[in-house]
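Before any comments, here is the structure.
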Amino acid sequence: MTPAAPLLRWLLLRLGGVVFVLWAVSTVTFFAIRLIPGDPAEAIVGGPGSEASADALADARAEYGLDQPLLLQYLRFLGRLASLDLGRSYALHQSVASVIADTLPPTLGLAVVALSVAVVIALAVAAWSVRGGRAASAVASFLEVVAAAVPHFWLAILGIVLFSTALGWLPPVSVPGPSGLILPALTLAVPLAGFLGQVMREALLDAMSSPFALSARARGENENGVFWRHALRHSAIPAIGLAGWAFGSLLSGAVVVETIFARPGLGRSLLQAVQGRDVPLVVGVVIVVALGYMLVTTATDLAERLIDPRLAARAVSR
């Protein structure tokens with residue numbers, strides 16, 4: 001068997017897993033949104049406060065197939081998904097794909113900035129705890145636990161009260177430009193940095209006491225060289241493995257953050273769609289998020305195999 005064959009088999013299995021996950025997620029979302037009290041036809045004619053007539057509601061149900069049995073609606077829904085058609089938003093009266101195309105870039109931009117800030121904070125705290133002795137390790141461990149436990153909504157409110165109301169440094173709501181991105185990004189980054197910091201600190205401690213670090217010291221390498229040239233690279237492997245989880249965490253947190261800071265994006269659109277029982281938009285957003293999560297986890301697994309030769313060797317030997 002050639003060395004590329006196990007990797008190809010692994011990619012095919014992951015592709016099958018992606019298809020299964022997308023079907024499962026879309027199915028659960030389709031039926032779960034129907035359990036929310038209210039009539040989806042009201043979203044089509046202007047929302048619950050539109051006071052639409054019974055005839056208008058009946059026409060909306062007939063136009064969108066909501067008067068059909070639920071099983072038939074589900075089969076038609078699967079047929080549209082198979083043809084890559086996410087349908088039309090009930091409330092916005094435009095294709096779900098165009099809505100997602102408009103709202104996804106701001107959310108991805110926020111997620112990328114928040115992830116970058118979280119990695120920098122986690123690496124700085126982890127490096128300080130490893131190099132600073134017992135006191136630094138105890139303080140860093142406490143800060144990591146507190147940061148990881150802080151809810152997004154509480155951190156967002158605290159940031160608004162401190163940096164907007166008290167100090168007046170930053171706007172309380174998202175505005176165009178870098179100043180409108182700072183508070184939302186920090187709100188998402190701090191809890192994530194707490195989790196990443198714990199993982200990176202443990203990995204750094206293991207790397208600094210590993211055989212390759214001892215060999216580097218025996219060759220005359222100082223502690224700074226061992227840390228920056230050897231330990232840091234190996235400590236990145238567990239953090240890369242958490243990238244898929246971090247992506248999902250950032251997107252779920254974006255629902256809260258974008259709502260509090262009145263920031264346009266995918267998370268805020270999802271919340272509004274759930275509240276308005278906009279079934280096609282809810283399902284479309286969930287599918288896109290699930291697909292992004294699967295792609296990120298696949299990419300991180302591949303990156304781990306490229307960074308750590310031991311994983312690649314195990315893949316070839318199977």
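Atom set for the values below is all heavy atoms of this structure, side chains included, hydrogens, waters and symmetry mates excluded. Predicted, not measured: the structure shown is a model, and the values here were computed from it. Each residue takes its place number in the sequence, starting with 1.
- In terms of heavy atoms, Ile160 sits closest to Pro172 at CD1-O, 3.7 Å.
- In this structure, the separation between CD1 on Ile182 and CH2 on Trp169 is 11.0 Å, given to the nearest 0.5 Å.
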| task | With side chain to side chain contact (heavy atoms under 4.5 Å, CB included) as the test, would you mind laying out the steps for Val283 and Leu86 before giving the verdict? | result | CA-CA 8 Å; Val283 175; Leu86 296 177; over 6 Å; no
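- Grouping the Ile, Leu, Val, Met, Phe, Trp and Tyr side chains by contacts below 4.5 angstrom, directly or via other members, places Val289 apart from Val19.
- Atom CG of Leu92 sits about 6.5 Å away from atom CG of Leu281, to the nearest 0.5 Å.
- Under the 4.5 Å side-chain contact rule for hydrophobic residues, Leu72 and Ile33 do not share a cluster.
- The line from CG of Leu162 to CG of Leu183 is 9.0 Å long, rounded to the nearest 0.5 Å.
- The CG atom of Leu170 sits 9.0 Å away from atom CZ of Phe261, with the distance rounded to the nearest 0.5 Å.
- A side-chain hydrogen bond (donor to acceptor under 3.5 Å, both in side chains) with Thr107 holds for exactly one of Arg263, Glu258, Arg268; it is Glu258.
- Heavy atoms only, all atoms of each residue included: Gly284 and Val96 are closest at CA-CG1, 4.0 Å.
- Listed by chain and number, the residues in a ring pair (Phe, Tyr, Trp, His ring centres under 6.0 Å) with Tyr74 are Phe30, Phe31 (sequence neighbours excluded).
- When the side chains of ILVMFWY residues are joined at heavy-atom separations under 4.5 Å, either directly or via intervening members, Val120 and Val190 end up in two distinct hydrophobic clusters.
- Considering only heavy atoms from C-beta on, Leu266 stays 4.5 Å or farther from Leu270 through its side chain.
- Ile287 places a side-chain heavy atom less than 4.5 Å from the side chain of Leu81.
- Remark: the backbone N or O of Arg80 is paired with a side-chain donor or acceptor of Ser83 at under 3.5 angstrom.
- Taking hydrophobic clusters as Ile, Leu, Val, Met, Phe, Trp and Tyr residues chained together by side-chain heavy-atom distances below 4.5 Å, Leu158 shares a cluster with Leu167.
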| message | Assess the residue pair Thr187 and Ile260 against the criterion (side chain to side chain contact (heavy atoms under 4.5 Å, CB included)); give the C-alpha distance rounded to whole Å, side-chain angles, the decisive distance to 0.1 Å, and a yes or no. | response | CA-CA 11 Å; Thr187 302; Ile260 293 177; over 6 Å; no
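- For Val125 against Ala140, the heavy-atom pair with the smallest separation is CG1-CB, 3.6 Å.
- Legend: residues meeting ring pair (Phe, Tyr, Trp, His ring centres under 6.0 Å) with Trp154, ordered by chain and number and at least two apart, are absent.
- Hydrophobic clustering (ILVMFWY, side-chain heavy atoms < 4.5 Å, transitive): Ile121 and Val139 are in one cluster.
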| said: Between Val279 and Tyr90, does the side chain to side chain contact (heavy atoms under 4.5 Å, CB included) criterion hold? Intermediate values first, please. | reply: CA-CA 7 Å; Val279 179; Tyr90 291 165; 4.1 Å; yes
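- Interatomic distance, CG of Leu22 versus OH of Tyr293, reported as 13.0 Å (0.5 Å rounding).
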| When you look at Trp23 and Leu78, which way does the side chain to side chain contact (heavy atoms under 4.5 Å, CB included) test go after all the steps? | CA-CA 9 Å; Trp23 168 79; Leu78 289 183; 4.1 Å; yes
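- For the pair Gly87 and Asp85, the tightest heavy-atom approach, listed with the atom from each and the gap, is N-OD1, 2.9 Å.
- Distance check: Ile100 CD1 to Ser89 OG gives 10.0 Å after rounding to the nearest 0.5 Å.
- Minimum interatomic distance between Ala185 and Val113 (heavy atoms only, all atoms of both residues): CB-CG1, 3.8 Å.
- Closest heavy-atom contact between Ala254 and Leu188: N-CD2, 3.9 Å.
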